[in-house]
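One structure is given below, encoded as structure tokens.
Below, chain A is the first sequence line, B the second, and so on; all start at residue 1.
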Amino acid sequence: MTVRVRFAPSPTGSLHIGGARTALFNWLFTRQNNGAFVLRLEDTDLERHLIEAEKGITTSLRWLGLDWDEGPEVGGFFGPYRQSERINLYRNEAQRLLNSEMAYLCYCTPEELAAMRQEARQRGLAPRYNGKCRHLDQAARQKKEAGGFLPVIRLKTPREGSIIVSDLIRGEVSFENNNLDDFIIMKSNGIPTYNFACVVDDSLMQINYVIRAEEHLSNTPKQILLYQALGYNLPFFAHVPMILAPDRSKLSKRHGATAVEEFRLQGFLPEAIVNYLALLGWSPGDEREKMPLSDIIKLFSLNAVSKSAAIYDIKKLTWLNAQYLNSLPLERIIAEAIPFFQKLGLIPSQTEQIDHAYVAKVVETVRTRIHTLVELAEASTYFFRDDFNYEEKGVRKFFSSLNASEILAHGREALAKTEPFDILAVEAAYRNLSHTLEVAGSKLIHPTRLALTGKTFGPGLFDIMVTLGKTKCLERLERAINWIKNNLC
RNA sequence: GGCCCUAUCGUCUAGAGGCCCAGGACACCACCCUCUCAAGGUGGAGACACGGGUUCGAAUCCCGUUAGGGCUACCA
């Protein structure tokens, strides 16, 4: 039997990390089993389908590398893949249930229902529908309909017994039927409710593994009742734990970045996010942390998915991101970095005008000491601009001594004579200088770094020099010498 | 309120009765390396929610309490 799984988000505009992880687990499972990954948009509650909202989700999925075999944009045998385009299917299935008397029309008004709930609550019972319209006869129905009232369709649910949900992650979970009521499957506007649409689609699309967030565990008994009423085969269920915000509450916008798109904008790489998300609620069983996707696919197992909710930790994601920034091929990082450089106005927006060789050198010298692409761009500014200021702390420590400008002048002189201007020659020049001047290397290095970059920290000085090139180095040393004369002497 | 799920360092987790006075990772602290900052290396601090059982033996099994989360809509 071919494994068929689906990810069924509501197109709300962005893919948040909880959804991304659910999608990832589905994807990993199906890639491991050579199955099919179906993307379905659950857009029944939207007045009209917002194409931008759908785009937000699909671009994020694609960016993460979670490609789908069937769904919007790619089609497939079981389409359409937007619920808004499947309304007739739901109506037909609902009609089948009506015909077989497994479902019935209900004419109760919202006010009546509210009163019912109120009463049940007061008596300490589950606020359930009391089945008032369950046995209406033809005459009663006609009378209601004559008044122009649009009915909903409810499923007749058993009053006794229980439903066992057999869950691949949680084991067997039992629910008493008497806690369930005759829930609505079709709203009065002719649109299906979530549970109904979900079951109809999962069956018609032949989904055999339903891997979704834990919040749906409590819906599952209702869905099983629906599967039974419709005569469908039951899929396997796996309810993955939720991802919570640092305060253990449900993730929301007020917790900062929660959408995949925001992480992208903050300079995280898809590899890092996927790797991090895989580790959230799943573990390979050994002590591996950073793993190539191919390993994750190979090792993933629903059995090993934890049962408890996890809090996402931006610090660990950041660490992993730095690991990837350091280990991925340089070309890849350059390509990822370019948009961030452009955003800061460090390089031209027209690709043809970019000095790729220079950008490559910059990325190479800076990338080991940053955690995100945003940091990479920010830490690279002085390679592209001459108009930086000198750090105040640095000025105090390295420019204020009596011989500071003299030292810089010596450095400038030494560099001017250095040829070729490569890492070995440049370092040798400075080491020799420190020897002849009889000062520690650091006495030369720190003021020079400040002169060249305006900063007291950063890549190795000689790397900076070589990347910057001789001309720039001499210019900037000159500038610093003059600055000291004008400002400190 | 009712029903359901969950409970190991601050966080993510390993652990499926003796291998655990609990291992790893991030973060934190110290030291080493070092031209700074990172990275890297070494070391440190840091957890089995609580209470009862079961067992020769429990982080692991059972029950209860507590806490967190979910569902309880003509939302998905």
Side-chain angles (χ1 to χ4, degrees), chain A residues 8-12 42-46 83 106 108 110 113-114 117 120-128 150-154 165 167 169-170 173-176 178-181 183-195 197-198 213-222 239 241-242 244 246-250 276 279-290 304 306-320 322-323 326 366 368-371 379 394 397-398 427 430 434 440-446 448-450 453 455-462:
Chain A
S10 175
T12 51
E42 307 218 329
D43 58 349
T44 53
D45 70 322
L46 303 176
Q83 289 190 331
C106 167
C108 293
L113 297 175
R117 271 194 292 272
R121 196 175 279 271
Q122 276 168 1
R123 287 166 51 193
L125 300 168
R128 57 202 292 284
L150 293 171
V152 298
I153 303 178
R154 287 181 186 273
V165 177
D167 190 278
I169 294 171
R170 279 149 219 287
V173 184
S174 168
F175 295 86
E176 296 293 322
N178 66 18
N179 287 317
L180 257 35
D181 64 353
F183 58 92
I184 295 171
I185 58 173
M186 289 293 276
K187 305 185 230 176
S188 55
N189 61 4
I191 303 292
T193 55
Y194 161 72
N195 283 305
C198 176
E214 189 192 339
E215 55 186 311
H216 292 115
L217 182 59
S218 299
N219 286 319
T220 309
K222 291 182 192 173
H239 289 93
M242 313 262 308
L244 267 26
D247 63 355
R248 298 215 133 260
S249 68
K250 203 169 175 173
Y276 177 72
L279 256 21
L280 211 52
W282 172 79
S283 143
D286 55 29
E287 283 161 3
R288 265 179 281 195
E289 299 280 341
K290 179 175 176 249
S306 82
K307 298 195 231 300
S308 50
I311 295 171
Y312 89 97
D313 178 17
I314 191 84
K315 294 233 183 77
K316 186 152 180 178
L317 205 209
T318 305
W319 168 76
L320 254 183
Q323 296 289 314
N326 260 304
V366 176
T368 59
R369 16 187 58 84
I370 45 79
H371 302 91
K397 284 173 79 171
F398 308 124
E427 177 156 9
Y430 252 53
S434 103
S442 58
K443 291 282 177 210
L444 296 176
I445 288 170
H446 294 307
T448 306
R449 173 181 287 104
L450 188 62
T453 70
K455 309 228 175 281
T456 56
F457 58 90
L461 179 67
F462 307 116

If you look at every strand shown and take non-hydrogen atoms under 4.0 Å, does [X] touch a base, only sugar-phosphate, or nothing?
{"X": "H216(A)", "result": "base"}
{"X": "S283(A)", "result": "sugar-phosphate"}
{"X": "S306(A)", "result": "sugar-phosphate"}
{"X": "V152(A)", "result": "base"}
{"X": "T448(A)", "result": "nothing"}
{"X": "I311(A)", "result": "sugar-phosphate"}
{"X": "P459(A)", "result": "base"}
{"X": "K250(A)", "result": "sugar-phosphate"}
{"X": "F183(A)", "result": "nothing"}

Please report the distance, rounded to the nearest Å, between [atom1] in [X] and [atom2] in [N].
{"X": "D313(A)", "N": "C9(B)", "atom1": "CG", "atom2": "P", "answer": "14 Å"}
{"X": "I184(A)", "N": "C74(B)", "atom1": "CD1", "atom2": "P", "answer": "4 Å"}
{"X": "E214(A)", "N": "C5(B)", "atom1": "CD", "atom2": "P", "answer": "10 Å"}
{"X": "K397(A)", "N": "U36(B)", "atom1": "NZ", "atom2": "C1'", "answer": "8 Å"}

When the [atom1] atoms of [N] and [M] are considered, how many whole Å apart are they?
{"N": "G15(B)", "M": "G24(B)", "atom1": "P", "result": "15 Å"}
{"N": "U11(B)", "M": "G46(B)", "atom1": "P", "result": "16 Å"}
{"N": "C62(B)", "M": "C71(B)", "atom1": "C1'", "result": "27 Å"}
{"N": "C20(B)", "M": "U13(B)", "atom1": "C1'", "result": "16 Å"}
{"N": "A58(B)", "M": "C4(B)", "atom1": "P", "result": "30 Å"}

Practice prompt. Would you please test Y194(A) and S10(A) for side-chain hydrogen bond (donor to acceptor under 3.5 Å, both in side chains) and show each step?
Written response: CA-CA 10 Å; Y194(A) 161 72; S10(A) 175; over 6 Å; no

Worksheet item: If you take atom types as modelled and just measure distance, does the side chain of S188(A) reach the base of C74(B) with a donor-acceptor pair under 3.5 Å?
Response: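 It does, because a donor-acceptor pair links the side chain of S188(A) to the base of C74(B) below 3.5 Å.
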
Worksheet item: Donor-acceptor pair under 3.5 Å: do we get one between R369(A)'s side chain and the base of C37(B)?
Response: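 Under the 3.5 Å cut-off, the side chain and the base do form a donor-acceptor pair.
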
Worksheet item: Salt bridge check: are D313(A) and K315(A) linked by an N-O gap of less than 4.0 Å?
Response: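 Looking at K315(A) together with D313(A), the answer is no, because their closest N to O distance does not fall below 4.0 Å.
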
Worksheet item: What nucleotide among C5(B), A27(B), C37(B) has an atom nearest to a side-chain atom of F457(A)?
Response: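 Minimum distance to the F457(A) side chain belongs to C37(B).
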
